[in-house]
Amino acid sequence: MAQSQGWVTRYFKAFCKGFFVAVPVAVTFLDRVACVARVEGASMQPSLNPGGSQSSDVVLLNHWKVRKFEVQRGDIVSLVSPKNPEQKIIKRVIALEGDIVKTIGHKNRYVKVPRGHIWVEGDHHGHSFDSNSFGPVSLGLLHAHATHILWPPERWQKLESVLPPERLPVQSEKESLHGSP
């Protein structure tokens, strides 16, 4: 009986040591490097959730890539909602700081994206709460860059940074500095 109690004690101590090392490492990884998230809603259709309410895509979110606010037009990003800080939203980056963008339903027909901000939109116009509703978004609200669809298995794929041609900025910061081509 004493021998079996010794085995249980050793097992419990080993488990606790492993637990107290693994949990902080896992939490740090999920907070700083990458995590997974389920995408809800129709705002990013057809890129995400093409089946509508029947299925939800699960995506890999790369925190590391946005830590220096290095995003490109066309990237799909997760960010803290400017209207509800308790909620994270997922949108496509349409314009970067200094770009002039033609809006869809915003109070101003054209908006110049201020320094330290980006313009984000859902792919499903008219079904998206995005910059056309709340304006340019501070880079400080960036949470992660969506890089892959992980679930469902038949949709496994890398998410490409593609900007629809009709959503190209009217003028980008580079064009205004170097002249139009």
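In this text, all values refer to a predicted model and were calculated from it rather than measured experimentally.
- A side-chain donor-acceptor contact under 3.5 Å links Asn62 to the backbone of Lys65.
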Test side-chain contact (heavy atoms from CB on, under 4.5 Å) applied to Glu97 and Arg115, step by step: CA-CA 5 Å; Glu97 61 182 39; Arg115 184 176 178 161; 3.8 Å; yes
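- Put simply, CG on Leu96 and CZ on Arg73 are 4.5 Å apart, with the number rounded to the nearest 0.5 Å.
- The backbone N or O of Arg109 sits less than 3.5 Å from a side-chain atom of Thr103, completing a donor-acceptor pair.
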Could you walk me through whether Asp99 and Trp119 satisfy the side-chain contact (heavy atoms from CB on, under 4.5 Å) test, starting with their C-alpha distance in whole Å, then the side-chain angles of each, then the deciding distance to 0.1 Å, before giving a yes or no? CA-CA 9 Å; Asp99 290 350; Trp119 188 269; over 6 Å; no
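- For Ser133 against Ser128, the heavy-atom pair with the smallest separation is OG-O, 4.4 Å.
- Formation of a donor-acceptor pair under 3.5 Å by the Asp75 side chain with backbone atoms of Val93 is not found in this model.
- Judged as a side chain to side chain donor-acceptor pair (under 3.5 Å), the pairs with a partner in residues 78-90 (not counting sequence neighbours) are, in order, Ser78-His143.
- Not a single donor-acceptor pair under 3.5 Å links the side chain of Asn49 to the backbone N or O of Ala42.
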Go through Ile89 and Phe129 one step at a time and tell me if the side-chain contact (heavy atoms from CB on, under 4.5 Å) criterion holds. CA-CA 9 Å; Ile89 58 177; Phe129 185 64; 5.7 Å; no
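- Listed by first and then second residue, the side chain to side chain donor-acceptor pair (under 3.5 Å) pairs that reach into residues 146-157 are Asp57-Arg155, sequence neighbours excluded.
- Contact annotation: the side chain of Ser138 approaches that of His117 to within less than 4.5 Å [non-hydrogen atoms, C-beta and beyond].
- Leu168 and Ile104 are assigned to two separate hydrophobic clusters, defined by single-linkage of ILVMFWY side chains at heavy-atom distances under 4.5 Å.
- Residues His145 and Leu159 fail the side-chain proximity criterion, which asks for heavy atoms closer than 4.5 Å.
- Closest heavy-atom contact between Asp130 and Gly122: OD2-N, 3.1 Å.
- Shown here for Lys112 and Gly98, the closest heavy-atom pair between the two residues is CE-O, 3.7 Å.
- Between the side chain of Arg167 and the backbone N or O of Lys102 there is at least one donor-acceptor pair closer than 3.5 Å.
- Residues Leu139 and Val77 share a hydrophobic cluster, clusters being chains of Ile/Leu/Val/Met/Phe/Trp/Tyr side chains in contact below 4.5 Å.
- A single hydrophobic cluster is not seen to contain both Val120 and Leu163; linkage of ILVMFWY side chains at heavy-atom distances under 4.5 Å, directly or through other members, places them apart.
- The hydrophobic clustering, which links ILVMFWY residues whose side-chain heavy atoms are closer than 4.5 Å, places Val113 and Val170 apart.
- Two residues are said to be in side-chain contact when any heavy atoms from C-beta on lie closer than 4.5 Å; Ser56 and Val39 fail this criterion.
- The side-chain heavy atoms of Ile118 and Leu142, taken from C-beta on, include a pair separated by under 4.5 Å.
- Between the side chain of Arg92 and the main chain of Val162, a donor-acceptor pair closer than 3.5 Å is present.
- Taking each heavy atom of Ile94 and Pro169 in turn, the nearest pair found is O-CG, 4.1 Å.
- Under the side-chain contact (heavy atoms from CB on, under 4.5 Å) rule, Ser43 has a single partner from His125, Lys91, His127, which is Lys91.
- Within the model, atoms CG of Asn132 and NE2 of His106 stand 7.0 Å from one another, a figure rounded to the nearest 0.5 Å.
- The two residues Pro46 and Pro50 come nearest to each other via the heavy atoms O-CB, 3.7 Å.
- Atom CE of Met44 is separated from atom CD1 of Ile76 by 4.0 Å, given to the nearest 0.5 angstrom.
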